[in-house]
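In what follows, a structure is listed as structure tokens, so that the remarks can point back to it.
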Amino acid sequence: MLAFRRILSCNYTLLSIILLILVIFCIRAPFPSDDLLRDVIIGKYGFNYSNLYIYAPRITPYNQYIGFDKILFMLVQHIGQIWTVRVVQVTCILGYIIALALIFNKLLDSRPDKQELIVLLVTYTVIAPIMSRLILGRPEVIFTIWALFGVACGLYKNHIASIAWIFIGICLIPLYWLGFLYLPVTFLLFNKHYVKTMVFIIMMALYLFSWQILSNYEWLSSLLLWFHNISDRIPEVTVNENNTIFSMVLIPQVGIVLFMLSYKFQKNFTINWRRCSFMKVGKHKYTCLLLLCIWFCMPNMIRYIDIVFPLVMVIAVDQFKDVKLSLNKVVYKNFITIISVYLVIMAQSMPTIKPPKFNLPANAKVLASFDGANYYVPFFAKEKIQIAPSMEIGANEYGIQQLIVDIQKNNNVNCVSLKKYNFNYLVEKSLTSIPNCLKLAQVQGAYRLWKIQ
């Protein structure tokens with residue numbers, strides 16, 4: 001808490017960067033393109049995704065985000081859908097920035113220019129590689145922020161903060177069915193190995209027990225269903241966030257840090273193993289952090305970059321924290337100006353999504369392209385509708401997946417297939433050949449709403 005007060009009281013530059021990022025966010029107002037939109041509205045469908053998504057026989061038979069969805073439902077009752085989305089997005093951005101600031105504040109504790117470097121490192125970490133993940137506002141982002149605060153607790157060696165972090169983690173259990181993936185961060189806490197192990201085992205047991213109850217004893221079997229659905233995806237349907245985690249080296253910010261670390265270790269492999277003991281396992285410094293990086297890389301999905309990259313940054317900052325930088329006040333002020341301009345440029349370069357807001361009758365059966373439209377359409381629909389495909393493309397019938405491939409890859413659609421599933425409407429933005437069973441009903445930006453006759 002003392003470190004947190006010091007950041008708030010002293011680091012006005014960090015607060016300026018936070019405010020700048022939030023101002024840019026408010027100006028651009030980037031809209032999430034997937035799960036958060038679904039989570040916000042599922043309350044009016046009885047928190048049952050089977051009531052929203054049709055022709056998805058392998059959809060999970062319970063709500064995997066029940067705690068998160070119920071919190072959002074309560075927010076919607078008070079502030080509406082749009083403001084609920086914004087509150088979640090801003091909360092994720094602020095939480096992530098504060099967690100990083102606490103981490104870098106401790107790592108750079110001995111440097112006189114600590115405050116300046118915190119601004120640089122937070123900005124460097126968040127902009128571009130991470131910001132696009134934070135605005136999605138998913139439960140996994142909440143758990144990522146919680147994990148980063150766990151890293152901070154391990155650095156500060158504050159037992160009260162660590163206990164509070166554990167308690168918060170227990171409260172977060174109902175939010176996300178895969179939240180257990182973040183529990184290994186507990187090994188960064190405390191000094192004694194048996195305490196770390198005991199805390200991990202207790203939290204894992206609580207997690208397994210809680211989700212078995214919440215899922216009506218189907219949580220364990222749903223893990224197998226998850227892998228089955230992934231294998232059942234038609235290869236032509238791509239899910240970008242499931243690209244290999246190793247593609248992150250192509251992101252300039254990440255690639256530069258990894259190159260610097262590899263050069264450092266190759267040039268001088270003799271390291272002072274005694275420093276920063278929270279990272280140690282046995283005699284080896286960084287082992288805990290490296291094992292955590294490997295753990296989050298194991299699914300081989302780029303979606304985990306928001307936890308892997310900060311862990312890499314912790315190692316990098318610790319390795320290079322003794323490098324001397326001589327910046328006078330004039331140069332520093334110009335430096336902050338350059339960072340501010342860079343932030344604005346990056347924000348302006350972020351694609352702004354203009355979601356379609358179609359008027360649909362109650363109980364309409366809608367086929368939407370798998371490019372965000374399957375989330376936008378039910379979110380802005382005033383009445384309850386039924387839509388395909390579901391959030392997990394592999395959970396849908398093969399025929400539905402093939403329709404998506406025809407629309408998005410082949411730019412055409414077959415009337416026989418549409419009528420087979422009794423759809424009333426089609427939402428897309430990629431058809432070049434229009435069959436005679438489609439009648440244009442509405443246009444919103446790039447998206448078109450077709451009435452199926």
Side-chain angles (χ1 to χ4, degrees), residues 4 18 21-22 25 30-43 47 63-76 79 81 83-103 122 125-126 129-154 161-162 164-186 188-189 203-204 206-207 210-211 214-215 219 241 292 295-296 299 301-311 375 391:
F4 184 66
I18 292 175
I21 290 175
L22 291 178
F25 171 81
F31 212 71
S33 58
D34 52 27
D35 297 356
L36 180 57
L37 304 184
R38 172 208 67 199
D39 292 318
V40 167
I41 65 165
I42 199 60
F47 300 100
N63 189 320
Q64 298 169 312
Y65 323 91
I66 185 64
F68 187 64
D69 290 353
K70 289 198 172 183
I71 291 172
L72 296 188
F73 183 70
M74 288 188 290
L75 283 174
V76 168
I79 60 177
Q81 292 183 179
W83 277 106
T84 297
V85 169
R86 298 308 186 196
V87 166
V88 174
Q89 289 179 308
V90 171
T91 301
C92 289
I93 293 171
L94 284 177
Y96 201 90
I97 289 175
I98 292 171
L100 287 177
L102 287 170
I103 292 170
V122 169
T125 306
V126 172
I130 305 299
M131 182 62 83
S132 60
R133 296 288 304 167
L134 297 181
I135 62 175
L136 294 179
R138 296 175 175 178
E140 66 191 63
V141 176
I142 305 290
F143 272 88
T144 296
I145 295 168
W146 175 72
L148 291 178
F149 274 104
V151 175
C153 289
S162 297
W165 180 82
I166 292 169
F167 177 75
I168 293 171
I170 293 172
C171 295
L172 292 178
I173 287 176
L175 268 63
Y176 184 41
W177 74 298
L178 291 178
F180 74 94
L181 293 173
Y182 299 84
L183 294 184
V185 176
T186 55
L188 297 178
L189 306 178
M203 291 194 71
M204 182 62 79
L206 282 172
Y207 205 96
S210 299
W211 270 104
L214 290 170
S215 66
W219 182 77
E241 67 175 22
L292 280 174
W295 170 252
F296 288 112
M301 297 180 182
I302 192 65
R303 66 193 295 173
Y304 292 108
I305 187 177
D306 51 3
I307 183 66
V308 173
F309 186 44
L311 293 177
Y375 295 98
M391 60 278 198

> Taking only residues two or more places apart in sequence, or in another chain, which ones meet Tyr182 in a side chain to side chain donor-acceptor pair (under 3.5 Å)?
Replying inline: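 If we apply the side chain to side chain donor-acceptor pair (under 3.5 Å) test to Tyr182, skipping adjacent residues, there are no hits.
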> What's the verdict on side chain to side chain contact (heavy atoms under 4.5 Å, CB included) for Leu214 and Trp211, showing C-alpha distance, side-chain angles and the deciding distance?
Replying inline: CA-CA 5 Å; Leu214 290 170; Trp211 270 104; 4.0 Å; yes
> Relative to each other, are the rings of Phe143 and Tyr176 parallel, tilted or perpendicular (30° and 60° limits)?
Replying inline: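 It falls in the tilted class, 30° to 60°.
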>> Under the side-chain contact (heavy atoms from CB on, under 4.5 Å) test against Asp306, which residue among Ile145, Val126, Ile130 passes?
In response: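 Only one option passes, and that is Ile130.
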> Can Arg38 be said to sit on top of Tyr65's aromatic six-ring, NZ or CZ under 6.0 Å from centre and within 45° of the ring axis?
Replying inline: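 Positive - Arg38 is close enough to the ring of Tyr65 and near enough to its axis.
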Can you find a heavy atom in the side chain of [X] that is under 4.5 Å from one in the side chain of [Y]?
{"X": "Phe73", "Y": "Thr84", "answer": "no"}
{"X": "Leu36", "Y": "Leu136", "answer": "no"}
{"X": "Leu188", "Y": "Leu292", "answer": "yes"}
{"X": "Ile166", "Y": "Leu189", "answer": "yes"}
{"X": "Ile135", "Y": "Pro32", "answer": "no"}
{"X": "Leu72", "Y": "Phe68", "answer": "yes"}
{"X": "Tyr304", "Y": "Pro299", "answer": "yes"}
{"X": "Phe149", "Y": "Ile98", "answer": "yes"}

> Please walk me through it: do Gln81 and Ile41 pass side chain to side chain contact (heavy atoms under 4.5 Å, CB included)?
Replying inline: CA-CA 8 Å; Gln81 292 183 179; Ile41 65 165; 3.6 Å; yes
>> Between Trp146 and Ile168 (side chain of the first, backbone of the second, donor and acceptor by atom type, cut-off under 3.5 Å), is there such a pair?
In response: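 Side chain of Trp146 to backbone of Ile168, a donor-acceptor pair under 3.5 Å: no, none is there.
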What heavy-atom pair brings [X] and [Y] nearest, and what distance separates the two atoms?
{"X": "Leu134", "Y": "Cys92", "answer": "O-CB, 3.8 Å"}
{"X": "Pro310", "Y": "Tyr96", "answer": "CG-OH, 2.9 Å"}
{"X": "Gly137", "Y": "Val88", "answer": "O-CG1, 3.5 Å"}
{"X": "Ser210", "Y": "Ile173", "answer": "CB-CG2, 3.7 Å"}
{"X": "Phe31", "Y": "Arg86", "answer": "CD1-NH2, 3.5 Å"}
{"X": "Val141", "Y": "Arg133", "answer": "CG2-O, 3.7 Å"}

Roughly how far, to the nearest 0.5 Å, is [atom2] of [Y] from [atom1] of [X]?
{"X": "Asn63", "Y": "Asp69", "atom1": "CG", "atom2": "CG", "result": "4.5 Å"}
{"X": "Ile103", "Y": "Cys153", "atom1": "CD1", "atom2": "SG", "result": "9.5 Å"}
{"X": "Gln64", "Y": "Asp39", "atom1": "CD", "atom2": "CG", "result": "10.5 Å"}

> When you look at Asp34 and Arg138, which way does the side chain to side chain contact (heavy atoms under 4.5 Å, CB included) test go after all the steps?
Replying inline: CA-CA 9 Å; Asp34 52 27; Arg138 296 175 175 178; 2.4 Å; yes
